[in-house]
Protein chains: 2
Amino acid sequence: MTGLASSIERRNGVSLWRQIADRILQGIASGDFAENAALPPEVALAERYGVNRHTVRSAIAALVQEGVLKAEQGRGTFVLSRKRLSYPIGARTRFSTGLQGQTSERHIALLSSSTEPASRRIAEALGLAKGAAVIRLETRGEADGHAVSRATTWFDAKRFAGIEAAMAETGSITASLKRFGINDYLRHSTVLSARHADADDLAALDLQPGAIVLVTVAVNVTLDGEPIQFAESRFPAERVELRLLAL
Amino acid sequence: MTGLASSIERRNGVSLWRQIADRILQGIASGDFAENAALPPEVALAERYGVNRHTVRSAIAALVQEGVLKAEQGRGTFVLSRKRLSYPIGARTRFSTGLQGQTSERHIALLSSSTEPASRRIAEALGLAKGAAVIRLETRGEADGHAVSRATTWFDAKRFAGIEAAMAETGSITASLKRFGINDYLRHSTVLSARHADADDLAALDLQPGAIVLVTVAVNVTLDGEPIQFAESRFPAERVELRLLAL
DNA sequence: AAAATTTGTCTATTGATATAGACAACTATA
DNA sequence: TATAGTTGTCTATATCAATAGACAAATTTT
């Protein structure tokens, strides 16, 4: 990306230090600030962004807290290496296989599960009657010990009774579905949006308040086109990008 | 979406009123707050979010300013109708055809154009030598008089000399490419991310500071697989969602 | 007409945010 | 060993953000 001007905005509900922290993150992502190298000195950054040096210090302090930067007195402030995961989305999107090559270990942790009546939206997506019982799973995707996604998933309770136990045991949706005789499935639809992370996402994904999450709402179907799974997934925008396949 | 708890976070660089404004926007998008109906009274909202009534008023004031809400003394605060556009992304993504049925009028406005040497990234995507001349177009997508996207597009300057004039005249990428003998093209790859809008996006998309943009980086190719166009598009997350096709 | 409900305005207080300047502490280099 | 460059700490001040309470103004309900 060519570094477009993009200046800092005042009195808009987002503090200057938070905006500058975001700009520094962008700079790292775009290669403006190289990894494992020193950031420009505080005075230079202050001049570049048109703010006081102390404001820049607040931004840096937040990023040090996040583990993105490391400050050393007398030497400089350094960018720690933190690769952004590229999460593929396509007809055969699978959590585990998708991140192969980028991480050495990944699995899905089951945070909680419950059975509830289907809302109209979920009933329609799964082809059930409104109010039919559905199983709801709250999960967190982890790769190399880092949280990379947070998802809420619904299944027909009648057809997939006990799937929460299978998830807890296998740590994989694909493996769990196999136990119900589903050896292959396709992604039918995906709708994408973005918003600020809510408190639940912040805790589960270990994010700083104000962070942005990418949100996908997807329906998976069998090869016959029968809907089996409805899911909303949240990805931390600062650590993950989505790569659309087969377009 | 089931309304997950998601409480409000303090001293994180994002002011409470901005967080609450975001929550209200979410509430409208999710149907929690119906369009053309009254919002709960300020005291009720204050209690729901655990903040002072004046803080809620600040959030409402911002959304009134944005044209999302309308406050009437003695009556209540009303949600104005503002449908979120659903922008399709697929192999044959076209700006104009994609929004058919959702809007009555749409076109692409050319904001500026220039010729510059290709960065490594753009050269690789377009199959050119690094430093080769490329045409860069800055455009804004408009539907029914509202800005719905902001894009930066690069073309090989040698092959597409004068495309900026065609764009200015036709208001359409598809129509402009036809003048260069390209009657059909496909989307080869799309990478998706999200971030806070920068100053340029804020101005071009008529957003409030702190707003979130969805970012797509895409390469379009001819039917023979030859790359012809590299583009970065920004969509206001509060007004647009991306619907992934053919997955 | 009266009461209840809701938004609008005002004053006051507290804490967070941002600016400004000075100097200490530490590191690398001439 | 100086010197320059960099991060760390301190004080002070002004503005913004958030809370609190009281009452006015407009609308709807009783």
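For clarity, every value in this text was computed on a predicted model and none was experimentally measured. Hydrogens, waters and symmetry mates are skipped; everything else that's a heavy atom, side chains included, is used. All chains are named by letter (A, B, ...) in the order of the sequence lines, taking the proteins before the strands, and each is independently numbered beginning at 1.
Put simply, CG on Leu69(B) is 11 Å from P on dG8(C), counting in whole angstrom units. Spacing between atom CZ of Arg57(B) and atom P of dA20(D) amounts to 16 Å, rounded to whole angstrom units. In this structure, CG of Leu63(A) is placed 16 Å from C1' of dT7(D), rounded to the nearest angstrom. Remark: C1' of dG8(C) and CD of Glu72(B) are 14 Å apart, rounded to the nearest angstrom. The distance between atom CD of Gln73(A) and atom P of dA28(C), rounded to the nearest whole Å, is 12 Å. Rounded to whole Å, atom P of dG5(D) lies 17 Å from atom CG of Leu45(A). For the pair His54(A) NE2 and dT13(D) C1', the interatomic distance rounds to 12 Å; values are reported in whole Å. Residue Glu47(B) contributes atom CD, which lies 19 Å from atom P of dA18(D) at whole-angstrom precision.
We find the CG-CD distance between Leu110(A) and Glu164(A) to be 8.0 Å, quoted to the nearest 0.5 Å.
We find that Arg243(B) and Glu241(B) are not joined by a salt bridge, their nearest charged nitrogen and carboxylate oxygen being 4.0 Å or further apart. Salt-bridge check for Glu124(B) with Lys130(B): failed, with every basic side-chain N at 4.0 Å or more from each acidic carboxylate O. With salt bridges taken as basic N to acidic carboxylate O contacts below 4.0 Å, one links Asp201(B) and Arg195(B).
Nearest nucleotide to the side chain of Pro41(A), out of dT7(D), dA20(C), dT19(D): dT7(D). In this structure, of dT19(C), dT27(D), dA20(D), it is dT27(D) that holds the atom nearest to the side chain of Arg75(B). The side chain of Ala71(A) sits closest to dT7(D) out of dT7(C), dA18(D), dT7(D).
Judged by closest nucleotide on DNA chain D, Gly76(A) is the one of Ser58(B) and Gly76(A) placed further toward the 5' end.
For Ser15(B) and dA16(C), the shortest distance from a side-chain N or O to OP1 or OP2 is not below 4.0 Å. Applying the 4.0 Å criterion to OP1 and OP2 of dT17(C), one finds that Thr55(A) has every side-chain N and O outside that range. Residue Asn52(A) places at least one side-chain N or O closer than 4.0 Å to OP1 or OP2 of dA20(C).
Residues Gln19(B) and Val51(B) fail the side-chain proximity criterion, which asks for heavy atoms closer than 4.5 Å.
Counting distance only, with no hydrogens placed and no angle test, the side-chain atoms of Arg53(A) and the base atoms of dG8(D) include a donor-acceptor pair under 3.5 Å.
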